[in-house]
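What follows is a set of notes on a single structure, which appears directly below.
Note that the structure is a prediction, hence the values are computed from the model and not measured.
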Amino acid sequence: MSVSTTQSSSYQTDALIASDIDAYLEAHQHKSLLRFITCGSVDDGKSTLIGRLLYDSKMIFEDQLAALEADSKKVGTQGQNIDFALLVDGLAAEREQGITIDVAYRFFATEKRKFIVADTPGHEQYTRNMVTGASTADLAVILIDARKGVLTQTRRHSYLAHLIGIRNIVLAVNKMDLIGYDQAKYEAIVAEYAQFAKSIGIKAFTPMPISGFMGDNITTKSENTPWYEGIPLIQHLETVALDVTADQQKPFRMPVQWVNRPNLDFRGFSGLIASGTVRPGETIRVLPSGKTSTISRIVTIGGDLEQAVAGQSVTLCFADEIDCSRGDVICIADAPAEVADQFEAVMVWMADEALIPGRPYWLKLGTQTVTATVQAPKYQVNVNTMEHMAAKTLELNAIGVTNIATDRPIPFEPYEANRALGGFIIIDKITNATVAAGMLHFALRRSQNVHWQALDISRETHAGLKNQKPAVLWFTGLSGAGKSTIANLVEKKLVRMNRHTFLLDGDNVRHGLNKDLGFTQADRIENIRRVGEVAKLMTDAGLIVLTAFISPFRSEREMVRQMMAGGEFIEIHIDTPLADAEARDVKGLYKKARSGALKNFTGIDSPYEPPQAPEIHIDTTKLTPEQAADIIIERLIP
Amino acid sequence: MTGTAATNLTHLQRLESESIHIMREVVAEVEKPVMLYSVGKDSAVMLHLARKAFYPSPPPFPLLHVDTTWKFKAMYELRDRMARESGMELLVYHNPEAAERGINPFDHGGLHTDMWKTEGLKQALDKYGFDAAFGGARRDEEKSRAKERIFSFRSANHRWDPKNQRPELWNLYNARKAKGESIRVFPISNWTELDIWQYIHLENIPIVPLYFAAKRPVVQRDGLTIMVDDERFRLRPGEVPEMKSVRFRTLGCYPLTGAVESEATTLPQVIQEMLLTTTSERQGRAIDHDQAASMEKKKQEGYF
C-alpha cells in the first residue's frame with residue numbers, strides 16, 4: 001500500500017477503548033451530529049476522499065478491506081494501489097461503469113462528532129440528486145481538482161449548495177500532490193473562486209489544500225503545505241456550527257404530525273420541533289386558525305420535560321380544548337408564522353415529465369398536503385452561467401422561479417428564515433411521483449387585495465327564476481367521436497322542454513375567448529381552465545351548460561369538477577374506438593396528423609386519458625346519436 | 001424565546017428524533033402499517049423507538065414476525081415477552097408451502113431463506129393487506145443499502161426498482177402510492193452498528209442474551225462457528241459439539257448464523273469488542289458471502 005495512513009487524536013483511540021470502555025462510552029454519548037455533502041465529479045477524487053475519511057476513522061473492516069483490495073486489482077483505476085472510490089460506489093451497474101449515479105449516505109465518527117455524508121454525483125443531469133443530498137446538509141465540501149481549477153461544474157455545485165441554503169462551504173482544492181503542493185497555484189484557484197462566490201451571494205467559504213489520496217490536511221496538518229495556515233478538514237468538520245443550534249434561537253414552531261388520543265382524558269399533539277424552544281406555561285397560537293392556548297405539558301415516556309428544543313420529537317398538551325390537527329403549525333403566540341395561499345418560489349424540477357403550468361399537483365410542506373397549481377416560470381436559471389432565461393415550463397433538472405397558488409391558506413415562512421416551513425415537494429396526482437422540490441420566497445400580496453364581492457342576487461335566485469337545477473354536461477372523447485353532434489341533440493331536446501341552456505363548443509371557443517392558445521399540453525390545460533371558469537359563471541346564472549371538448553387529461557377534468565358545486569358536474573364519455581374516429585375523419589384532421597402536418601393531435605401523438613368513472617358512458621359503436629341523447633336526458637331529468 | 005443558552009442535542013438524540021418523526025409520518029399517511037419484528041438488536045431499538053413515538057398510546061400497529069421455525073429458542077422467548085410488555089398485537093407468519101415441503105437450512109441452502117423469509121414476507125403482507133412495513137435495515141450494513149431511501153416503494157409483486165426511487169428532500173416523505181403498491185420504511189436507516197449498541201446501553205433496552213458471551217455447544221462448519229441450539233441440528237460424521245464461550249453479533253436462523261468466540265458478558269464489553277474487532281457484522285451471515293452484489297439482487301427480488 002503506498003497510501004499514508006496517518007491517524008490523528010481526533011479519531012477513535014484504541015488505547016482508551018481497550019483500557020477503559022466505560023470512559024470511552026461516556027465520552028461518545030455526548031457527540032453531536034453533522035450532516036454534510038461532498039460535491040465534485042469522479043475525476044475530482046470525491047469518492048477517494050470519502051473512502052479516505054471512512055478508512056481513517058476505521059469504518060472499514062478487514063473483510064471489507066480484503067474485498068476492496070481484490071476489487072481494486074480487478075476494476076480499480078489506481079493500479080495495484082487501493083482504490084478508495086470502490087469502497088463507496090454501491091449499486092452493481094454503477095460499479096461496472098465506475099460512476100456514482102445516485103445519492104448515497106455514509107457514516108463515520110470522530111471523538112467529537114458523528115458524521116453523515118451525502119455522496120452525490122457531479123454530472124449535470126443529476127442536479128436533482130445533489131439538491132436532494134444537500135437538503136439535509138449543514139455543510140458542503142466543494143471539491144476542485146488542483147490541476148484544473150474552477151470549472152463549470154464547480155460553479156454549478158456552489159450555486160446549488162447556496163440555493164439550498166447551506167451556509168458553511170468548504171472549498172477543498174484536491175490532488176495538491178499532483179501539482180507539487182504549489183502555493184501560488186492554490187492561491188490563484190482560491191482567488192478565482194472567491195470572486196465567483198461573491199457574485200452569487202456566498203458570503204464566506206473555507207478553502208483548504210488537500211490530497212484525499214495521500215491524506216494531506218485531512219486528519220492532520222500536512223508537512224507538504226507549511227504555508228497553509230488553516231486547520232485540517234476533519235478538525236473543521238468537528239468544530240463548525242450546526243444548523244440545529246441556530247434553529248433553537250428562532251421563534252418556536254412545530255408542525256403537527258399526529259394527534260395522540262389514547263382515551264378521552266388525553267389529547268396530545270406530536271411533532272418534530274422545527275425551530276425555537278418550548279416550555280410549559282407558554283402561550284401558543286395554532287395556525288392557520290389563529291386560536292391560542294397555553295402549553296400544559298411536554299410528554300415523553302420517560303416523564304414530562306421542562307423544556308424542548310428544535311430538533312426534538314415531542315408530544316405537547318394544551319390547557320384548552322382548541323381545534324388542532326395534522327398539518328397545523330403550533331407557534332409561539334406573539335411571533336407566529338405567516339399564512340397565505342399565493343407565493344413566489346424557486347423550484348427544482350426532478351421528473352422526466354416536465355412541469356405543466358396550471359395543472360393541479362399535491363404540495364407537501366411541513367406536515368400539510370394541499371392542492372397547488374404552478375404558473376409558467378418567470379424565468380429559468382442556467383446553472384452553469386447563472387443567467388436568467390425565458391421558459392414556458394421546467395424540465396428535468398431545471399431550476400426556475402414561479403408563482404404558486406394553493407387551494408387553501410397554509411402556514412409558512414420564507415425558506416431563508418426557516419427551512420422546515422419554507423421547503424416543499426411537489427407530487428404528481430396521477431403517478432404519485434415526487435416531481436419537484438421548492439423553496440418559498442414570499443407570499444404574494446395581490447391575493448389579499450382582491451376581495452370577493454358579495455352579490456344580492458344569489459345563484460339560487462337565478463336558478464329558481466328559470467325553474468331548473470343548473471348543471472354542466474361535460475362531453476369528453478376523441479376528435480370525431482361525436483361530442484358536438486350529441487351535445488347539439490341534447491341541447492335541442494332540453495330547449496323543447498323549456499330548459500335554459502348554453503352549449504360551449506371547443507372549436508367555437510377557440511375562435512374567440514381562447515384564440516391566443518395553441519395545442520401544447522400547457523395551452524390545452526389553460527383552454528380547459530378557462531372553459532371551466534366560464535361554465536361555472538353560467539351555472540351561477542342558473543344555466544344548464546353543455547361543453548364539447550376533447551379535454552384529454554384526467555387531471556384537468558378533475559380540476560373543473562372541483563370548481564363546480566357538488567353534483568353539478570356530469571362527465572359524459574363519448575367512447576369511440578380510435579380506428580372508428582379516424583375512419584370517419586369528418587374534418588380531415590387525422591389524415592393531417594398522420595402525415596405529421598398537425599402536431600400534438602390527441603390519439604396520434606398526444607395521449608387521451610379516458611375517464612375512470614364518468615357519470616355517463618356512451619358507447620358509439622352500440623348507440624345512435626339520437627339514442628345517446630335520450631339516455632343523457634333521461635339521466636338529467638328523470 | 002430568544003437568548004436561551006443552546007441545548008446541545010447528542011447524535012443519539014437526533015437519530016432518535018428522526019426515527020420517531022419517520023414513524024409518525026407513516027402512521028399519519030398510510031392505511032395499514034405493520035412493524036417487521038425479527039427479534040434482533042435492530043428490531044429491539046425500532047420497537048423501543050415506536051413505544052416512545054406514540055406514548056402514552058401503544059404503537060398503533062401490530063408486530064409481524066416472519067418466522068422460519070429455525071430461530072434460536074432464546075429469540076422466541078424474548079419475542080413473546082416483548083409483545084406482552086408493549087401491549088402490541090404479535091402476528092407470527094409461517095409460509096405454509098415451506099412448512100409442508102419441510103424446507104430447512106440443512107437440505108435446501110438458499111431456498112430456505114428464499115421460501116421462509118422472502119416468500120413468507122410477501123405472503124404475510126398480502127394476507128393481512130399491510131401497505132407499509134417498518135424494517136430495521138441500516139445504510140451502514142452493506143453498500144447497496146447506502147443508497148436506499150427511507151421510504152422504499154415496492155410494486156404490487158413486491159419488487160424493488162433501484163432506478164425508480166423517489167427523491168427524499170429535507171424531512172418530507174412522499175407516502176402516496178397506487179393501489180397494490182406498498183412501502184418498506186426504514187426508520188433507523190441513519191444509525192450505525194455502534195449507535196445501536198450505545199443506544200441499547202443508554203436506554204437499557206432488553207435484547208436476546210445470545211448477544212452476550214456464555215458457554216454454548218458449538219461445532220465448526222464451513223468456516224462458521226455454529227451453535228447446536230436444539231435436537232434438530234444434524235451433526236456430520238465426526239462433528240462433536242464443544243462447549244465454548246461464544247456470542248453472536250447478528251441473529252438469524254441458528255444453523256446459518258456464525259458465532260464469535262468471546263468473553264464479553266456485559267454491554268460495554270460487547271461494544272469494546274465491536275470497536276476493536278476487524279470484521280464487519282454481516283460476515284456472520286451466510287447469506288452475504290456469495291458475491292458483492294448479492295444483497296442487491298435479493299432485494300430486487302423482494303428480500304427485505
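With a 4.5 Å cut-off on non-hydrogen atoms, A:A310 touches chain B through its backbone but not through its side chain. For a residue to count as touching a neighbouring chain, one of its non-hydrogen atoms must lie under 4.5 Å from one of that chain's; by this rule A:R261 touches chain B with the backbone only. Contacts of A:I116 with chain B are made by side-chain atoms alone, with heavy-atom separations under 4.5 Å and no backbone atom involved. Proximity to chain B (any heavy atom under 4.5 Å) is restricted, for A:F266, to the side chain, taken from C-beta onward. Within the 4.5 angstrom heavy-atom criterion, only side-chain atoms of A:I164, from C-beta onward, approach chain B. With a 4.5 Å cut-off on non-hydrogen atoms, A:T300 touches chain B through its backbone but not through its side chain. Only the backbone of B:S189 comes within contact range of chain A, with at least one heavy atom under 4.5 Å from a heavy atom of that chain. Of the atoms belonging to B:P60, it is side-chain heavy atoms, and not backbone ones, that fall under 4.5 Å from chain A.
A heavy-atom distance below 4.5 Å is not found between the side chains of A:Q312 and A:Q307. Residues B:R184 and B:F186 are in side-chain contact: their nearest non-hydrogen atoms beyond the backbone lie under 4.5 Å apart.
For the residue pair A:R279/A:T277, the side-chain donor-acceptor check at 3.5 Å is not satisfied.
Considering only heavy-atom pairs separated by less than 4.5 Å from chain A, the leading option among B:E168, B:Q13, B:E181 is B:E168. Highest contact tally toward chain B, considering only A:G438, A:G133, A:A134, is held by A:G438 [criterion: heavy-atom pairs under 4.5 Å]. Most heavy-atom pairs under 4.5 Å with chain B: of the set A:L34, A:V299, A:V314, this distinction falls to A:V314. Between chain B and the options A:N432, A:L33, A:V244, the largest number of non-hydrogen pairs under 4.5 Å is found for A:N432. For the set B:L9, B:L169, B:V27, B:T10, the count of heavy-atom pairs under 4.5 angstrom toward chain A peaks at B:L169. Interface remark: of the candidates A:S313, A:P262, A:A246, A:S313 forms the most heavy-atom pairs closer than 4.5 Å to chain B. Ranking A:T369, A:I430, A:I427, A:T136 against chain B, the residue ahead of the rest is A:I427, based on heavy-atom pairs under 4.5 Å. Highest contact tally toward chain B, considering only A:H30, A:Q29, A:M350, is held by A:Q29 [criterion: heavy-atom pairs under 4.5 Å]. The most heavy-atom pairs under 4.5 Å with chain A, out of B:L202, B:N190, B:I271, come from B:N190.
In this structure, B:Y55 has no ring-ring contact (aromatic ring centres under 6.0 Å, His included) partners at least two apart in sequence or on a different chain. For A:N418, the side chain to side chain donor-acceptor pair (under 3.5 Å) partners are A:S275, A:E413, not counting sequence neighbours.
Ion pairing between B:E261 and B:R247 fails under the 4.0 Å rule for side-chain N and carboxylate O.
Ring geometry for B:F61 versus B:F134: interplanar angle of 30 to 60°, hence tilted. Note on ring orientation: taking the six-membered ring where Trp is involved, the planes of A:F115 and A:F108 are parallel (angle under 30°, cut-offs 30° and 60°).
When the shell of 6.0 Å around CG of B:N204 is examined, it contains 12 or fewer heavy atoms from other residues, nucleotides or ligands.
Here CD of B:E29 is found 14.5 Å from CH2 of A:W258. Values are rounded to the nearest 0.5 Å.
At distances below 3.5 Å, at least one donor-acceptor pair connects side-chain atoms of A:N397 with backbone N or O atoms of A:R128.
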